[in-house]
Every structure is written in C-alpha cells, then in structure tokens.
Amino acid sequence: MSAQRIVLSFLAFGTLWILGSDHLLALFTTDVATLSALQSIKGLVFVGLSAILISVLGHMVERRHRRLQEETNRQRERLARILEVTPAVLYTLKPRAADPAHWDVDFVSLNVEGMTGHPASAWLSGHDFWRRHLHPDDLDRVLAAQAQLAD
C-alpha cells in the first residue's frame, strides 16, 4: 500500500468519524457540559482508533515489503546459479563520473578467474585493469566502441 493510499484511508476514516460522531452526539444530548465531556472522550477514542488504523496499514506495508524482498532474493539466487554455469564471462562497465572517457568494471561473473587467471576483485579494482589486459590489437576498436556507446 502506498503512502498516498494510507493518507487517503486516514482522511476518509477521520472525516467519517468526525461527521458521524458529531451527528450522533447531537442526537444523544443538547446539554453543553455533557456534550463537552463526550467530545473529549470521542477525541481520545479517535486517537486510539487512528493509532490502530496506522498500525494495521503499516503492518500491511511491511508484509508487502518483506514479500517483495523475498522475491528479489529468490530472483538474485536464481540469477547467481545461472551465472555459475554460464561458460562466458559476463561483465558490465560504467563510465567514471569524473572522466567519462574511462570506464570501470562494476560487475564481473566469478568465472572470470578460471578464464583469465585473474580474480574478480582485480577486475573490479577500478584502475583500468580490464583495459590493460585487452589484446593490443583490440584496444583501438574497444575504445572506439566505448566512445560511441558514451555518445
């Protein structure tokens, strides 16, 4: 449930409570002292019911968040299993904020060590490790492709 729905639920509850209970109190008594005391009780009951409503809505949001987190974890584990058996090295690059001409590896599959002899941590070091380990014949083509990608 979104924050907007929670607010709208509370507004609807509050409006119905105030208008409905004021109407009922007017039917019950016209004595000012009694009406004043009942208004105070009505206010306290409103605060208590509001707290219950907010608690219920909060628990609904927490349950939904937990379910989404569990599903995310299941999907992450599934993807990890797929990556473990994939024979290719999968990686992603991101341009450096300070220097978009240079790119850093921000993900590399763990099988990179078996294929290259270098652990994933080396590829993720961010010091142009991947660029230094490109075949010299491929460097110009890769850098041109990166520039095109950046554009």
side-chain contact (heavy atoms from CB on, under 4.5 Å) assessment of Trp130 paired with Val108: CA-CA 11 Å; Trp130 70 272; Val108 65; over 6 Å; no
From [X] [atom1] over to [Y] [atom2], what is the distance, rounded to the nearest 0.5 angstrom?
X: Ser109; Y: Ile82; atom1: OG; atom2: CD1; value: 13.0 Å
X: Phe107; Y: Leu124; atom1: CZ; atom2: CG; value: 9.0 Å
X: Leu93; Y: Asp106; atom1: CG; atom2: CG; value: 7.5 Å
X: Leu110; Y: Leu83; atom1: CG; atom2: CG; value: 8.0 Å
X: Gln69; Y: Thr72; atom1: CD; atom2: OG1; value: 5.5 Å

OH (Tyr91) with more than 12 external heavy atoms under 6.0 Å: no
Under the side chain to side chain contact (heavy atoms under 4.5 Å, CB included) test, residues paired with Gln75 that sit two or more places apart: Glu71, Arg78
side-chain hydrogen bond (donor to acceptor under 3.5 Å, both in side chains) pairs, two or more places apart, involving residues 29-44: Ser21-Lys42, Asp22-Gln39, Asp22-Lys42, Asp31-Thr34, Gln39-Lys42
Taking only distance into account, with no hydrogens and no angle test, what donor-acceptor pairs under 3.5 Å do side-chain atoms of residues 135-145 form with protein atoms, sequence neighbours excluded?
| from | atom 1 | to | atom 2 | distance (Å) |
| --- | --- | --- | --- | --- |
| His135 | ND1 | Asp137 | N | 3.0 |
| Asp138 | OD1 | Arg141 | NH2 | 3.4 |

Criterion side-chain contact (heavy atoms from CB on, under 4.5 Å) on Asp104 and Arg96, from CA distance to verdict: CA-CA 7 Å; Asp104 292 322; Arg96 290 183 189 160; 3.0 Å; yes
Residues which pass ring-ring contact (aromatic ring centres under 6.0 Å, His included) with Phe28, listed by chain and number, not counting sequence neighbours: none
Side-chain donor/acceptor pairs under 3.5 Å, residues 47-59, sequence neighbours excluded:
| from | atom 1 | to | atom 2 | distance (Å) |
| --- | --- | --- | --- | --- |
| Ser50 | OG | Phe46 | O | 2.8 |

Pairwise ring-ring contact (aromatic ring centres under 6.0 Å, His included) hits with a residue in residues 63-89, at least two apart: none
Check: Asn111 side chain, Glu84 main-chain N or O, donor-acceptor pair, under 3.5 Å: no
Non-hydrogen atoms of Val105 and Trp123 that approach each other most closely: CB-O, 3.2 Å
Same apolar cluster: Ile41 and Ile18, side chain cutoff 4.5 Å: yes
